[in-house]
Structures are given as C-alpha cells and as structure tokens.
Amino acid sequence: MYYNFNEIEKKWQDYWAKNQTFKAKNNSDLPKYYVLDMFPYPSGAGLHVGHPLGYIASDIFARYKRHKGFNVLHPQGYDSFGLPAEQYAIQTGQHPALTTEENINTYRRQLDRIGFSFDWSREVRTSDPSYYKWTQWIFIQLFESWYNNDTNKAESIETLVAVFSSEGNTNVNAVCDDHMTSFSASDWNGFSDKEKQEVLLKYRLTYLAETEVNWCPALGTVLANDEIINGLSERGGHPVIRKKMTQWSMRISAYAERLLQGLDQIDWTDSLKESQRNWIGKSVGASVSFKVITNGAKQSQSIEVFTTRPDTIFGVSFMVLAPEHDLVRQITTPEQKEEVENYITATAKRSERDRMSDVKTITGAFTGAYAEHPFTKKPIPIWIGDYVLAGYGTGAVMSVPCGDQRDYDFAKHFNIPIPNIFEGVDISEEAYSSKDNVVITNSDFLNGLNFKEATKKAISELEKLGQGEGKINYRLRDAVFSRQRYWGEPFPVYYVNGMPQMIDKKYLPIILPEVEKYLPTETGEPPLGRADVWAWDTKNGEVVKNENIDHVTVFPLELNTMPGWAGSSWYFFRYMDAHNDEVFASEDALNYWKDVDLYIGGSEHATGHLLYSRFWVKFLKDRGFVNTEEPFKKLINQGMILGMSALVYRIEGTQTFVSKNLVGDHKVQEIHVDVSFINASDEMDIEAFKNWRPDFESAEFILEDGKYIVGREVDKMSKSKFNVVNPDAICEQYGADSLRLYEMFLGPLEQAKPWNTAGITGVHGFLKKLWKLYLGDQGLNITDTEPSSENLKTLHKTIKKVEEDIEHFSFNTSVSTFMIAVNEFTAQKCTSKAVLEPFLILLSPYAPHIAEELWHQLGNTDSIASASFPEFDASYLVENTKNYPISFNGKMKFTLELPMDLSSDAIEKAVMAHEKTIANLGGRTPKKVIIVPGKIVNIVG
RNA sequence: GCUCAAGUGGUGGAAUUGGUAGACACGUUGGAUUCAAAAUCCAAUGUCGCGAGACGUGUGGGUUCGAUUCCCACCUUGAGUACCA
C-alpha cells in the first residue's frame, strides 16, 4: 500500500464534515477553550501559501486542546465588507455582494483542502444582514451612552438627562467635547428639543461633529489615521489631504486610560503592547493658560497650552501657535497681519507629505501679540509656526528653548533669547532636554528643586493663580466612523431638523439598498445618495419598515456607511451564538465562552482592529452586555511568509540570457520568472521558460556546467513578481499534511520567512517513512508485542518535547522531533501498538489526515480527535548510571554519576578531568555533574 | 531620532533555567539500486589542517570553572512610530 495522500485527505475531510467532528457545544462539563483566527477579507486573488500559516498554528493548538480534554471553540468567518469589492464594482458594475460571494466560495474550497478543524456551523460574514443587524444595534447603544468619569464607565444617556434636568451640567464629570458651556437645570428645562439634542450629542459615545479628516480624493472617502501610510492611503497608495467634514466619530478617547491599563492584564507580546502604548501616547504634565496682551493692553482671550515640563515655566521666552489655531486671526496685530496671512497660506499649500519630509527647515511668523507670563508678568512674544501641530494637545506650546531642541532651533533661527534655567548646564550648543540630573535656577520659587519637586510646586502655584492644573494628555484621537462608500454597513440613522435620530431597533437590520452605480453622486453625496428604494420608510414622523414599495419621503437618511473596523470589532462574540436573532449572543453563550483564550493574526492590526475591539468590548462590558473587559487573553502574531523570487539576466538588447554566476561585466536586465520553473538547486527549467511567454520562445542561454542558475530575492508574494505559490497546487502534489508540516517547519511562527517549495520534500519524505513504518506491502506492520525500553524512551521523549513545543508555540521544532522519532522507531524495528498508537495522537494536530487514516487502520472506529493526549512518564527517560566516588585534597568528597556503558578508559579520563575541575572550584560544591565521554561539565550550586 | 525584535554553516533553522554549538531539513559530493530516469536507501558535509589538533554563534570588552545564552559599548538588519510640546 502506498501513501495516496489525495485519496486519504479527501476521505477524512468528508468524514469530519459529515460527522460534524469539530462542532462545539455551548454547554459542557469540560473546561472551555476558545481559539480564534483573525478572519480574512475574501480577496479576489484567493489564498496563497502565506495566508494559512496562522490558521495551521491555531488549528494545531485547537486540536491539541481537544486531546487535552477541553471543549474547544474554533470558528471561522469572513470580514466581507471592504474596498476592493467596491472598486471592482465601480470598474465592472458587478454587485460587490456577488464578487464577495464568489471570493468566499474560493476561500472556503481552499481552506477545506487543508483540513482545518473549524466549526463551520458558526460561520459569520460581516456583510450578512443578520450579522450587521447587530453591528447597527451596537452603534445605537453607543449613541445612547455617555462616559461618566466619576463611575469610570459608560452609562445610559438617560442617567445624564436625569442629572441635567435636576441640576444642570456643572457637577457632571463626563468625557465630552471641549469648551462645554455650563448650564443649570432651569436652563436645560428651557432648552428646545433641538437644543437638548445638540447638547447631548456632545456627550454621546458616538457623535456627529465637524472634524478635520483625512480625505482621499482618489477614493472619494475619509480614512482613519491607521489607514494611512506615509501620507498615502493604505489601499491604492493615493494622496491624502486634510479637510473639514461633518462625520460620525467614536469617543474612544474616553477609554484611553483603561485601554492603557488593560494591557497589563493580557498576554500579548511586548512589542505589540508597546505599539498600543505609543498609539495611546499618554503624557503627564500640566495645562497652563496665558493671558493675551496686544499693544500693551490685556485682552479677554487666553492661550491654553499643554506641557510635560511645568518645571521649566521660567524658561519660557516665546509661545508658538499652530497656523490653524483659532486665535491666530483674533490676536494678530494690524502691522503683522500681512506676514501672518502669507505664512498661513504658504503652510496650507504645503501638503502633509511636504511638511513631513521637510522637518529641518524652520519657518514661522510673529503675530505682534504678547502673552503675559503667569508668574513674572512679563510679556512673551506669540509666534505661529508649523512645527506646532493643530491636532495635538491644544495646538499651542509654551516654548522653553533651553529645554527643548525644537524650541531651541526656532529661537536661534529668529534671534529670540534663550534664558538658561538649569544649574551648571551648558546650553550654548543645544538644548538640555533630559529630565534627570537637573536643578532649576533663575526660577524664583522653583530654584534649587529637581524635576519632580519643581513640577509639583509649579502646578500648585498655577492652581493658586487659577491659571493651570495638572493634566494628562493622550495622543489617541477619537475615531472617525463615517465612510463615503457603498460596500459597508448602513447607519441606522435619519435626520430631523438636521439632528440625527436612531431608527427604532425593531426595524433592524437596515439593509444596504441597491444603487445603479457605486460612485458618489453628482452633487458629491456618498454612493447611497443614489438609492431611491430603501427597505424602510417614514410615516407619521417615525421610520418604519415598508413592506410594499419603499421610498424615503419625509426625512433624509444617513448616506455614509460604517468603516471596515465596525464589523470586526465584535465578531468574536457572534461566533458564540451565531444564529441568534433575538440578541447578538445569548447570555448563556456569553457566560460560557466569555473571551478568546488564544487569538492568532497578523501584527498589522496592532493599532487598528486590536484597539477598536478592546474599546467596544469595554463599552459593552460597561453597559452590561458582556462580562469580559478584555476580549483576547493571549495573542500571537504570525510572521509573514514571503515569496522567493527568481531572476534571470538578459543581456541588454538581445534575447540571450546569462546564468547568474556568469553575468560578470555584461550589461543585463533582471527579469522575474515564475518560481515554479526553478528546482531545489536554483536551476531553471529552460523548456518551461521558453514556453512561458511567446517573446522567450527564441531565447538563447549562456549556461554554467550545462545549467541555467537563477538569482534569488526575497519579496512580498505578488503576482507581478511571479513568486505566488498557491496552496491548492501544494496539496495536489504533496498533500495537505505535507503543507501543514512544512509551513510549521519553515521557522518560528512569529518570524517572517521566505517560502521555498523545494524544501517540502523533506517533510513529505517523512510522511512516506511514517506510512511505511505502519503499513508494509503485506498490510499492517503493527503488532501487540511488548514495547522495548528503547521504544518507550523514544515515545516519552517525543511526548515531552511535543507537549512543551505546543505550549510554547514552537511548532517548528516539533516537526523535527517527529522525524527523529520515526527514524528511531524504524531503526528499532518497532512494531508495538502500545507505542505507535499514542504516537499518532501526538502527530494528529500537525498532520491530521494521515494520523486519522493510520488510527483507523489500527482498528479504531472513533475519530482520533476524541482520543486523549498521552501521559508523559519521566521514568522511561532515566539513564542507567553507576556511581563513582572521588575525592579532592582528601577533604571534600564527591560522587560521580557515570553512564554504565562508558569504557574504563573514558571513566578514567572523566575522573581526572573532574578532579582538575574541582581544583578550580575554590570551595564551591557541584550540585550535579554531567558526564560526556572525554569531557566533563559541572553545574555549580 | 525614539521604541521593540533579531544577528549561529552554502541555505531555513535547533540548542526553552548559563553546561557536548550546528539537532532536523534543504542543498552539495560520493556510493547502492536501475537499460535509463523518477523514487528509494547508505555515507560524507562549520572553517583551517595529510594528521594530531587548532579556530569557530555580528564586533570589542567584562562576569564565570564554563557564555549562542548574562552585563557594558559598538556595528548591521527588520518592524513599528514620529516636529507629540
């Protein structure tokens, strides 16, 4: 019987599907374990071998946990709203739902071939109305909530309304829009409906506000900060500009501190936690307010700044506002007006990109106005400069040139004085920005204090004056939630007098309407502006579901759709109870599964999906909908699998291709060739190359040793580099088990590594060897013979190693361990069922098909998935040893443990070496001694 | 610039708490089998040296009986982030 992997794999994949082997139960006496993959966006290109890497790792872990007696939830689904399907629709007119459906089918077929133990009965798709019904529902919950700083959690908006109507907003400690004016209870009760709604909107956790957004003209939509890379859109690489628009925003800033603190509770890599910490960007300092003076007269305005160095307040010699700052035009003196206006126009013209690439140039303009120093009462000139960003802090800084390099450079450039307030520090060349080892001087009441003391003192003095207070600032901005796209979740929102209203929950889902074209309307509205038939209507001032023909007649609807991260921020809860139509997941299901124990996915989601999910989960927890504060207890980032491109060298102007090592001084063009033409020793199949493209048919070659050797280069897998490897082809040629083993064997899970199909023969050969160990030409080789101690030693060594590897996610070394074991079993001529049966269980998470087949060949009738992981017994690993007493100086005595089978020559050598070593110990006593023939090693206690 | 991660044969990588460095695999070389090829099997394979042996984990120091592992400095690469006040 030969190893017919195609037949075997098909057989067991069908068996698992038919018997629902991996269906998870929502109640069980077993402990639960939830293993989750980041669900894929089903792109048109299908899967390449890089995609399943994380899925294979999570599948190994899920299968292992089942063997270990856990009730395992291991689901899969699709993040199926997204831009590519929409852009394809714009080009071809094909409905994104159709494209998406086709792509999902391809993905599913490809995934099924690899033999994953997913519970497909719980599949979710974010673009499915029965799913996004609940995304819309969560949006409504956010709208109906506010963040109470006193209780430090989100509460129903009803509690806020109650406080407003009984005592106004003066005692409310909420996260809200800046510059909230205070009002009393009678003010509130006197407000019109619209005024009340306007006020409440400033408190809601999702709110409508005029915000400066990243607008991508080419895509016709806004982008979140994490969707922009170096000033270009992540998708498509189009330029992005700043623009003011009315948009839905999520008040994630309310959760900044909890998102930061929560990181300590979870088992993620340090680098990932660090990314999130940087993104949240907590700075501790003070806010200080400076009164404005123009032409020697105090003005009503004051400038708020945030500083992390209130201790340096006496070093302030000027202030700088961002050119976009609201006060700039109000305070600029007539004499300076022209210069300031010119500067503002000049900076507005410079794109974000120019500003970034041109960090060195110092520019600015003097406003003619002054600010009054809170303590010295001296006037401080107010400048504007584009090194101050409107979007961070208050958009204004107090400049302390002796303590900040940018302030220092600005002061030098414009000849502004640089007072030194640091004792014994030389600032003639550069600023002294360290907080350590500083003693403040020339600073009145701060003289002689260090950073910590001076900071505290400065804040308390500012508080006495009412011109400042201690403050914590976060870099984390509220997240813009509107997209001017078609293929996304519609908002459950309509407008009355310009104020947003939630459509009643009983009418959810609001189904995405059909449109003729997927482009913005001629008047610049989002694509949904083209829809005239919606599945719902307005009647008597209420939006209702229209069962017949539905027109939007009375009220305008929200025409934006939600961003990609809306649906992915809570999908892990839906898997717990995927078909519930009453709630997003039942209380029982949520209580049972609680959170994700292991989450595997790419690190590119560090500051997007992983932050937004944590935010939504904390919100849902606050409002009592879920019972966990952190969704993902342990998270592993799988590394990317890169393509190994192959290059041929064409001599310029000819059709002659020269082998890699003969290029020498030839002027050559490098051309990417299909990696499937290349064998394991980088030799190209010349015939295949000639047949590849018509223009290569007449190609000539300069060979080395009769071979054409290609150059190699590691790139991302992409069609244009001809280095994409399709898992289907690997499964066809080597089988899914080989693919699974090889992906793990390539290297550590978390590391980026190039794919090279040539190496797969190693693991494939191993599977054939394994097959032969169990099945010979005459059938089963396995007998009921008693295992030898050698057999047991190999088995238990393997159990220990594989168990440790899985627990530590070092799947790569397990594959080697299996190979060694099979080699040893073969050498031992092991046929004992008592040893070879448990070995299959060890192997089954990695290579489930062959393990299942051999398992049944051994006479088992149940799936191997229900077998228990074998128990490790250390006693089988103990060496046979004999003790040899030796002494040193006649005082200390030691016992040497030596293997029984050591030759007397080796023993003598070992004893002598040991005596010598002991002489060097200087009185320390060895705890344990490891003997190797000819060498000796001590472990010193 | 800052933060994090990592530098080991021709290649991917192993050595999980400081204890035989290079497991396992690819590739290469030689051999067996074959009319031939594929497949399979056996052997060799860090460097220098005929050899005994010496040298070897990015570089330079240090701690230790003993360092790929710990400490200091530096170099290189990758990832993230950035006029963040």
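By convention in this document, chain letters (A, B, ...) are assigned in the order of the sequence lines, proteins followed by strands, and residues within each chain are numbered from 1. Scope of the values below: all heavy atoms of this structure, side chains included, with no hydrogens, waters or symmetry mates.
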To the nearest 0.5 Å, how far apart are OH in A:Tyr64 and CG in A:Leu842?
10.0 Å
When you get a sec, tell me which of [options] is the closest nucleotide to the side chain of [X]?
X        : options             : answer
A:Tyr387 : B:C24, B:C84, B:C83 : B:C83
A:Arg475 : B:U16, B:U81, B:A85 : B:U81
A:Lys769 : B:C41, B:U16, B:A85 : B:C41

Between [atom2] on [N] and [atom1] on [X], what's the gap in Å once rounded to a whole number?
X        : N     : atom1 : atom2 : answer
A:Leu767 : B:U40 : CG    : P     : 12 Å
A:Gln276 : B:U81 : CD    : P     : 12 Å
A:Lys800 : B:U16 : NZ    : P     : 11 Å
A:Trp383 : B:C83 : CH2   : C1'   : 18 Å
A:Asn637 : B:A79 : CG    : P     : 15 Å
A:Trp279 : B:C4  : CH2   : P     : 19 Å
A:Leu389 : B:C83 : CG    : P     : 6 Å
A:Leu260 : B:C84 : CG    : P     : 19 Å

Produce the list of close N/O pairs, under 3.5 Å, pairing protein atoms with atoms of nucleotides 26-34 of chain B; give distances to one decimal.
unit_1: B:U28; atom_1: OP1; unit_2: A:Ser681; atom_2: OG; d: 2.9

[atom1] spacing across the pair [N] / [M], given as an integer number of angstrom:
N     : M     : atom1 : result
B:U17 : B:A67 : C1'   : 14 Å
B:G10 : B:G60 : C1'   : 28 Å
B:U63 : B:U68 : P     : 16 Å
B:G18 : B:G51 : C1'   : 35 Å
B:C74 : B:C26 : C1'   : 35 Å
B:G7  : B:U57 : C1'   : 9 Å
B:C4  : B:A82 : C1'   : 15 Å
B:U16 : B:U69 : P     : 13 Å

Given RNA chain B, 5'-ward residue of the pair A:His808 and A:Ser271, judged by closest heavy atom
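With A:His808 and A:Ser271 compared, the 5'-side residue is A:Ser271.
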Please confirm whether A:Phe61 and A:Phe809 have ring centers closer than 6.0 angstrom.
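Centroid separation for A:Phe61 and A:Phe809: below 6.0 Å.
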Using side chain to side chain donor-acceptor pair (under 3.5 Å) as the criterion, list what pairs up with [X], not counting sequence neighbours.
X        : value
A:Ser738 : A:His764
A:Asp407 : A:Tyr387
A:Glu732 : A:Arg113
A:Ser289 : none

Among all residues two or more places apart in sequence or in another chain, which pass the ring pair (Phe, Tyr, Trp, His ring centres under 6.0 Å) test with A:Phe766?
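Expected list: none.
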Those residues that, when tested against A:Phe872, pass ring pair (Phe, Tyr, Trp, His ring centres under 6.0 Å) (two or more places apart):
none
Count the heavy atoms of every other residue, nucleotide or ligand shown that sit under 6.0 Å from NZ of A:Lys716, and state whether that count exceeds 12.
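No, the 6.0 Å shell around NZ holds no more than 12 heavy atoms from other groups.
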Within the 3.5 Å criterion, strictly below it, is a donor on A:Thr394 or A:Glu304 matched to an acceptor on the partner's side chain?
no
Can you see whether A:Tyr474 engages A:Ser253 through a side-chain donor-acceptor pair at a distance of less than 3.5 angstrom?
no
Using 30° and 60° as the class boundaries, would you call the ring planes of A:Phe414 and A:Phe410 parallel, tilted or perpendicular?
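The arrangement is tilted - the two ring planes meet at 30° to 60°.
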Parallel, tilted or perpendicular, as decided by the 30° and 60° cut-offs, for the rings of A:His605 and A:His609
perpendicular
Could you point out which residue of A:Tyr742, A:Phe818, A:Phe745, A:Phe839 forms a ring pair (Phe, Tyr, Trp, His ring centres under 6.0 Å) with A:Tyr846?
A:Phe818
Please list, by residue number, the residues of residues 395-410 of chain A whose heavy atoms come closer than 4.0 Å to an atom of RNA chain B; answer none if no residue qualifies.
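Nucleic-acid contacts, sorted: A:Val397, A:Arg406.
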Compare side-chain N and O positions of A:Thr817 against OP1 and OP2 of B:A23 and report whether any pair is under 4.0 Å apart.
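The answer is no; no side-chain N or O of A:Thr817 sits under 4.0 Å from OP1 or OP2.
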Salt bridge (charged side-chain N to carboxylate O under 4.0 Å, His left out) partners of residues 750-773 of chain A, not counting sequence neighbours, each pair once:
none
Enter syn or anti for the glycosidic conformation of B:G80, syn applying to angles within 90° of 0.
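Anti conformation for B:G80.
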Pairs under 3.5 Å (N/O, protein and nucleotides 10-15 of chain B):
unit_1: B:G12; atom_1: O2'; unit_2: A:Leu746; atom_2: O; d: 2.6
unit_1: B:G13; atom_1: OP1; unit_2: A:Gln751; atom_2: NE2; d: 2.4
unit_1: B:A14; atom_1: OP1; unit_2: A:Asn812; atom_2: ND2; d: 3.0

Every stem of 3 or more Watson-Crick or G-U pairs under 3.5 Å that RNA chain B joins, in order of first number, is B:1-7 with B:75-81, B:10-12 with B:24-26, B:27-32 with B:40-45, B:46-48 with B:53-55, B:58-62 with B:70-74
Return the set of residues passing salt bridge (Lys or Arg N to Asp or Glu O under 4.0 Å) with A:Asp478 (not counting sequence neighbours), or none when no residue passes.
none
